[in-house]
Structure formats: C-alpha cells, structure tokens
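Here the structure is a predicted model, which is why all the values come from computation and not from measurement.
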Amino acid sequence: MHFPLPDHLPRQLDVSSNVLSKFDSVTLQSLNSSFASSCRAELDESIRLTKTKIHDRICADSSSFQRQLSSSKSLKERLDTLSGHVQALSVTLSDSKSGLVPVLLEALEAHQLLAQESLDADVLSDSLSHISECRAQLYALQKLIDAGDLPPAVVACHALSSLLVFVPGPLKDASVVSEMQARLRVLSNRVEELLSDAYTKSVVVNASEVIIKPFVLVPRSLKPLPLSSVLSSISSASLASHLSTLRRDIIMHYIECSFDQPTSLTVSTMKDKSGALMHVLSRFPSSPNITDTGSPLTNVSTALDFLHKQLFPALPSTHKHSFPRSLSKPISTAILARLLIPGLPSQLEALPAFLQIANKAVDLENKYIVGMLDASSESEIKAWVNNVCTHYERQRRSHILDYARKLIIQSISSSEATFHAQLPLSQETFDKAGLAPADEGDAWGLDDDGQSFNTGSSRSAPEEENVWGFDDDLEEEKETQQAEPAEVVEEDPGDAWGWNDEEPAPEELVQAEDSWDDPWGEEPALSEVTPAVRTVPVSSQRPSANSAPTTQRISRPMDRTSHHHPKSGPITEPYLVSTLAKSIIRTVEDALHEGQGLSSSGIFPTPSTPKTTPGILVMQSGALVLDLYRAVYPIVAAARLVRPGDVMKFSNNCCWLAEEVGRLVTHERGVLVVKDKLEECKSVLQVLADSWYQDGIDRQRTALCDILASAKGFTDTSDQDRYDDCEMTISRVVREVRSAANAWKPVLPKSKYYTAVGAIVEVSLQRILENILAIPDIPEVESHKLSELCRILAALEGLFVEDSSESSFVASYVPSWLKFSYLSELLEASMADLTYLFEEGALVDFEVDELVKLVRALFADTPLRTKTLDKIMGGHPVR
C-alpha cells in the first residue's frame with residue numbers, strides 16, 4: 001500500500017495523469033490520430049517499464065516471492081474449507097423444522113406460560129388471604145369500638161393500618177383496599193374523638209378549679225377507663241396539644257394568678273353525679289387586706305403537690321418526664337418576675353422581711369422545681385437570691401439616676417432658682433482681684449517734672465496743662481460739671497462732630513449697666529466712672545515737632561489702689577449657682593450615706609472580695625449622678641446655653657460641684673471605696689467648668705471678631721461713609737462687650753468676671769491694633785479719624801472700676817490697654833512727641849518693627865523721620 005504524501009511535498013505525476021492533462025489541454029483542431037498515437041505509445045512505454053520493474057524485483061528476491069506465493073495459496077484453500085463448515089452449521093441451527101434454535105424457543109414459550117399461570121395462582125391466593133385478614137381485623141375493630149373498649153381499639157387500629165400499608169403489590173390500587181382504608185380513617189377518628197372526650201371529662205381546668213378523675217366512663221362502655229389508659233391510648237399529637245393547653249391553664253390560673261392577686265387554694269376529694277370519684281383543686285379569692293407575701297409560694301406548693309399526686313403518675317412514658325420539665329421554667333420565671341423582682345424593696349428597712357420570702361422561694365425551688373419537676377434545672381431562683389444584694393443595689397442605682405434625670409429635666413421646664421456660693425481664693429488671686437495695698441507711687445518714674453500720666457484712669461487731672469490749646473472752650477463746661485457732680489453722664493465722642501444728632505449714643509443703649517443688681521454687695525458709684533472724652537475739631541496741620549510733648553491721657557496707670565483690707569479668715573468671692581447643682585450634690589450625699597448604711601447594717605454577709613462589698617454599688621451611683629449631670633444637662637439645656645450668662649452659670653455649677661465633691665472626699669467618712677471615682681469626678685467637673693468658662697469667652701471673642709471684620713481693616717476712613725461704618729462697628733463692639741459684661745457680672749466671681757471681660761476686650765483691641773498697624777500709609781485726616789475711633793473704646797475702662805474714688809485696674813486684665821491708649825495718641829502726635837515718649841520708655845509695649853511701620857505710615861519721608869527711625873531701630877532705651 002502506498003502512503004499519502006504530505007501536502008507541502010511536491011507530487012510526482014504518473015503517466016495516466018500526464019496523458020489526461022494533455023487531453024485536457026488539447027483543442028479540437030489539434031486532436032487527431034497522431035496525437036492519439038503519441039498518447040498510446042506513451043502509455044505502452046509506461047506499462048512496459050512497470051512490467052520490467054516488477055520482473056526485476058521478482059528476480060532480485062525470487063525465494064521470498066515463491067514463499068509468499070505458496071502462503072497465499074494455502075490461505076485461500078483453508079478459507080474455502082472454513083466457509084463450507086460455517087454453511088453446514090448454519091443449516092443445523094436455523095432450519096425451520098429440525099434446527100436447534102426453533103425447537104428450543106418453542107419449549108421455552110410453553111414453560112413461560114406454565115410459570116405465569118402458577119404465579120397468578122400464588123398472587124391471587126396471597127391477595128385473598130391478606131384481604132381476608134384485613135377484613136377480620138376491621139370487623140374486630142368495629143366490635144371494640146361498639147363495646148367502648150378504646151385502648152384495645154387503638155391497638156387494633158395500628159395493626160389494621162400496618163396491614164393496609166404493607167398490602168401485596170397487586171392490591172395497592174384495588175378498590176377494596178381503598179374502601180378499607182377509608183373505613184379505617186373513619187374508625188380511627190371515632191376512637192380519637194372518644195378518647196379526647198374521655199380526657200376532657202377526666203381532666204377539667206378552668207379559672208376556679210382543677211378536676212382530675214382517676215376513671216372515666218365512655219359511651220357503650222361496660223366499665224370505666226382509667227386515666228392512664230386514656231392518656232397512653234390517645235395519639236401523640238393530640239396528647240401534646242392537650243398537655244400544652246393544660247400547662248398554659250395551670251400556669252395562668254394557678255401559678256401566675258397567685259402572684260397577681262390574693263388567692264387561696266384548697267384540695268378536696270368528692271364524687272360527681274354519676275358517682276365517679278374526682279379530685280378537685282379549688283381556687284378562691286382572698287381578702288385584699290391580707291398582706292402575707294408568702295401565700296403565693298404556698299399556693300404554688302399546693303398546686304404542684306396536687307399535680308404530682310393525681311396527674312403525673314397517669315402520664316404515659318413518652319411524657320412522664322417532659323411534661324413536668326416543661327412546667328419548671330414557667331414557674332421559676334413567674335416566681336422571679338412576679339414575686340421577687342417586683343417585690344425587691346427600695347428601702348433598707350424592708351429587706352429582712354423580703355429575704356425571708358426569698359429564702360422560702362429557694363426552698364420551694366429545691367423541693368419542687370429541682371426535686372420534682374426537673375433535676376437538671378439551673379436553679380435560677382437560688383442564683384438570683386444569692387445575688388440579691390447586687391440586685392437591690394442596682395435597683396437603687398437605677399432609682400437614684402432616674403431621680404437625678406428628672407431633676408435635670410424639670411430644671412429646664414421652668415426658670416432655675418439660684419443662690420450665691422463663695423469661691424475660695426488664694427492670696428495671689430486675691431491681690432490680682434484688686435485687694436492690693438495702696439498706691440506706692442509712680443512705677444514708671446515719669447512724674448519727675450510734676451506731671452501725672454493717668455492714661456486709663458477713671459479720673460482726669462484738672463490741673464493738667466492744656467498743651468494743645470484745644471480746651472479753651474471747655475472751661476465753662478467743666479465748671480458746670482463740677483457744680484453738678486451727681487449727674488455726670490459720659491458723652492459720645494461722636495457728639496462733638498455732630499454725627500449722631502439723630503440717633504442715640506452707643507452709651508445710652510447700655511445705661512442699664514449701673515441699674516442691675518450688684519452681686520458682690522458693693523456700694524454703687526454715684527456717677528459713670530469712665531472719663532468723658534470730648535473731642536473738638538483739630539487744625540489741619542500736625543503739631544510742630546518743637547511743641548511741648550503732650551502728657552494728657554498717655555501716661556501709664558498706677559497700680560490699682562483700694563481702701564479695703566483683707567479680713568481675717570479665708571478669702572472668698574460670691575458667685576451664682578443654680579439650685580439644681582445643690583439638688584445634685586444632695587443626691588450624691590444621700591447615695592453615699594445610703595451605701596454606708598447598707599454596708600454597716602449587716603443584712604447581707606460581707607464577701608471576701610472588697611469589690612462586692614454591700615453598699616459599694618449604691619455609693620458608686622453618686623459618681624454616676626455627676627456623670628449623668630455632665631452628659632444630660634448640656635443636651636437638654638442646649639437652647640439655654642447659647643446665652644452668655646447661662647454658659648457661665650453652667651461653668652459655675654460645675655465648679656461648685658467640683659468643690660463640693662472635694663469636700664465630700666475630705667470630710668465624709670466611709671467613702672474610701674469610691675474615693676478614686678469621686679476624685680476623678682472632681683477633676684472632670686473642674687475641667688468641664690474651665691472648658692465652658694473658656695468656651696463662653698471664645699464665643700464672645702468670635703462674635704467680636706466677626707463684628708470687627710465688617711470694618712474692612714479701618715482703611716479709607718477719610719471717606720465719611722467709611723468712617724460712619726467704622727464708627728458703627730466700634731459702637732457695636734462696645735455694646736457687645738457691655739452686654740456680655742452685664743450678663744456675666746451677676747453670675748461670675750470677681751476674679752473670673754474681670755478675667756473674662758478683659759479677655760474679650762483684649763481680643764477687640766488686638767484686632768484693631770493689627771488692622772491699624774497694617775495700614776501702609778495713613779494720611780493726616782485718616783489719623784485723626786482713627787484716633788477718634790480708638791477713643792470710643794475708652795468707655796470700656798469703666799468696666800474695670802468698682803468705686804469712683806479708686807483708680808482703674810484695666811491694665812491688669814487687658815494687657816494691650818496701654819498700648820492701645822498710646823496708639824490713639826500717637827495717631828495725632830508729632831514726631832517730637834513720639835520721640836519723647838520713646839526715649840522716656842513709654843512705648844515699651846510696642847515692638848520695634850511696629851513703631852517703624854507706624855512712623856513710616858504717619859510721617860512723610862524726611863531726614864527727621866529717618867533720624868527717628870534710626871533711633872527706634874536701635875531698640876528701646878534701657879532703664
């Protein structure tokens with residue numbers, strides 16, 4: 001055989017292919033005899049060559065050829081012989097008359113028919129026998145039901161049901177079997193109905209009595225059936241349903257009801273109308289005046305004894321343990337949820353009587369629940385009673401916290417009552433608050449020439465020299481004011497310019513400052529202590545550098561003087577605290593005292609570990625009351641805490657609570673177990689007080705910064721509209737500061753009040769200083785305008801004066817006050833004045849670069865300015 005050549009190799013065309021190709025390419029004209037002769041000659045030559053190759057091949061291996069030839073002939077002979085034998089065998093097997101296969105098939109068919117007939121006879125016999133047995137069972141079942149013999153009828157039902165389930169195959173679809181099954185269902189339902197009726201007659205449970213009959217008569221029965229037979233014969237599903245209903249009724253009417261209302265249970269034995277014996281558990285309502293809390297446990301014992309004696313022995317084996325076990329959990333839950341937990345007293349005096357009831361409940365659990373119903377019970381009642389001390393303390397803690405929560409919420413629904421507490425002060429704070437010794441003289445040494453610098457003081461010096469010559473027309477007005485000292489009213493600096501003729505002065509909007517109550521118990525001043533600064537038009541030219549340097553209102557204030565002397569004893573300051581804080585601390589004290597009383601009463605045994613000592617949880621609830629106040633009050637009083645005064649009042653409350661908690665830790669006995677927690681509460685309350693105090697200040701700072709932002713850096717004040725806007729902004733700042741001061745003064749102690757007011761004044765002054773010093777060029781007109789705007793804030797100095805006969809102590813609380821006061825003067829001062837003040841060390845509050853910027857902004861570039869700048873850049877003089 002030849003092998004096909006791969007497609008990628010060149011194919012060698014044979015002679016026939018060549019000849020056919022030539023015939024394919026020949027035309028009709030070229031197809032002639034010579035063409036055909038050439039093709040034939042080519043084919044003959046190819047045949048000859050092939051024969052020659054074959055002959056040569058045979059001759060080359062003649063022995064092999066002869067051997068293969070003889071083998072081929074032998075194979076052909078044997079193939080012919082085998083074909084003959086196969087033909088003979090086929091005739092022997094398949095012949096229609098004498099062949100083996102037809103004869104065998106005929107015999108098998110006859111045998112199959114015989115076997116089928118035998119099988120049909122056997123199936124028929126078995127089916128008839130099974131149907132006969134089922135029929136006999138059905139007749140027997142009917143007789144048992146008719147005779148009222150229900151327990152054997154139940155057994156017969158089960159037997160007949162098994163026969164009908166395992167019927168022979170040919171009977172599965174038989175109509176007689178279907179009829180028997182239908183009949184069996186009817187009889188089974190009848191038996192189940194009779195048994196259920198017998199159960200309802202033998203076990204009767206209602207709201208007033210439980211009746212259990214040991215024997216019960218059924219229709220057509222010759223003798224009563226025992227209750228145990230009825231319960232064992234009834235179906236599992238029906239029995240489970242009946243027992244579930246029985247358990248529910250017993251728990252509802254005879255267990256839970258005993259705890260909900262006064263009840264008495266009695267057990268009796270009697271006969272019904274037919275003479276059948278029955279056992280009765282009767283329930284009667286007791287008198288509501290009876291307060292015996294142990295009677296419910298007696299009722300539970302009576303009911304369980306009744307069931308254990310009359311019902312449990314009759315239960316079938318499948319429910320003999322499961323049904324009593326199903327009663328244990330509801331009874332334990334009822335005793336806990338309806339007797340012990342609600343009856344847990346809230347007073348220490350009632351605990352001994354309650355513990356007696358609790359011990360009775362433990363005895364009942366050991367005897368009945370564990371010993372009778374469920375031996376594997378977890379003893380929940382015993383576990384609860386063992387921790388009754390913890391439960392009592394947790395309940396008291398819950399009551400204490402609920403009471404504190406109600407106090408906090410009720411305080412929001414109405415106006416809070418307040419009282420004045422005393423804040424103890426250290427000597428350092430006492431001196432800073434203004435009770436320092438009298439004036440010791442000029443600390444700056446600027447009065448060597450007899451002149452007094454009283455910038456920031458509440459009193460002006462009438463003997464000061466009028467160095468500018470602007471006050472000639474004010475002499476008459478001063479004399480009038482001296483003649484009427486009782487009616488000195490501060491004038492608006494804008495009145496001299498006639499800008500506020502049609503609107504009230506900013507100071508008039510806050511005249512109530514002197515009318516509100518003084519919480520510090522001091523005598524009110526007879527007049528406004530802020531100096532009345534009246535400005536008059538100035539000349540368009542700056543003062544000459546050779547003119548005398550001004551000293552009016554630009555000297556540093558002397559230390560605040562006071563005629564009060566410290567009294568003996570602790571130094572205190574009054575501040576306002578809400579009575580809610582007093583109620584909170586009283587609740588904390590009551591919790592501590594109650595916990596100490598519980599610990600010392602000896603009602604509960606003292607455990608080995610101090611963490612479980614009786615009274616510890618109640619004492620810890622005092623700290624929880626403080627935590628509750630910190631958490632709840634800022635939420636419920638959120639609408640109130642947007643007002644400045646209420647913010648500071650809450651800070652005062654926290655501060656006072658911290659002081660009181662410290663007192664409790666120091667002076668109360670028996671608080672060592674909660675000392676760490678109380679000290680932590682004290683620390684947290686103090687932090688909270690400081691935080692809210694600072695937050696109240698920060699809110700006012702933010703508001704003032706927002707107001708000053710509307711001034712747009714106090715630029716272009718030479719324009720009248722811009723000046724009016726800036727003046728309105730400054731007036732709003734004054735009103736805002738005084739409004740905050742009015743709200744804080746009745747609330748805060750002196751030291752905190754002046755610190756808070758000083759902080760908001762300081763931020764206002766700093767913002768204005770930054771804006772003015774940031775102006776690169778200040779023309780003469782704008783410098784006058786800016787100076788006038790700065791003088792409006794001088795009215796705030798009156799907030800730091802307690803007595804008109806004393807000096808102002810504004811510089812003690814407003815660090816930038818002196819710097820700001822000098823700024824208002826420097827804006828209108830000459831180069832000589834500025835140089836004089838710098839050389840005298842009066843401008844030490846200014847940084848060198850600030851003075852350089854201010855000089856460059858105020859004065860033109862001249863040799864004198866250059867000389868002054870060089871002097872300033874050399875640094876402040878050393879004194």
[Y]/[X] salt bridge by N-O under 4.0 Å criterion:
{"X": "Arg701", "Y": "Asp695", "value": "no"}
{"X": "Glu380", "Y": "Lys329", "value": "yes"}
{"X": "Glu802", "Y": "Lys750", "value": "yes"}
{"X": "Arg663", "Y": "Glu660", "value": "yes"}
{"X": "Arg338", "Y": "Glu256", "value": "yes"}

Side chains of [X] and [Y]: closer than 4.5 Å at any heavy-atom pair?
{"X": "Cys655", "Y": "Tyr693", "value": "no"}
{"X": "Leu799", "Y": "Leu796", "value": "yes"}
{"X": "Val757", "Y": "Lys745", "value": "no"}
{"X": "Leu348", "Y": "Glu594", "value": "no"}

Requested in this report: Go through the structure and list residues passing side chain to side chain contact (heavy atoms under 4.5 Å, CB included) with Lys582, not counting sequence neighbours.
Outcome: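 Result, side chain to side chain contact (heavy atoms under 4.5 Å, CB included) vs Lys582: Phe419, Arg586, Trp656.
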Query raised in the report: Would Tyr754 and Phe809 count as a close aromatic pair, with their ring centres under 6.0 Å?
Result: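 Yes, the ring centres sit under 6.0 Å apart.
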Query raised in the report: Are the aromatic rings of Phe650 and Trp692 close, with centres under 6.0 Å apart?
Result: yes
Requested in this report: With rounding to the nearest 0.5 Å, note down the distance linking CZ in Phe820 to SG in Cys790.
Outcome: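 It is 3.5 Å, given to the nearest 0.5 Å.
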Report task. Carefully, step by step, assess Tyr392 and Phe354 under the rule ring pair (Phe, Tyr, Trp, His ring centres under 6.0 Å). Result -> CA-CA 11 Å; Tyr392 170 77; Phe354 175 79; 8.9 Å; no
Query - Test item: side-chain donor near acceptor, Glu770 and Gln766, under 3.5 Å - result: no
Query raised in the report: Does Ser751 offer a backbone N or O that forms a donor-acceptor pair with the side chain of Glu573 under 3.5 Å?
Result: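 Yes, because the side chain of Glu573 sits within donor-acceptor range (under 3.5 Å) of the backbone of Ser751.
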Query raised in the report: Counting heavy atoms not belonging to Gln694, are there more than 12 under 6.0 Å from its CD?
Result: yes
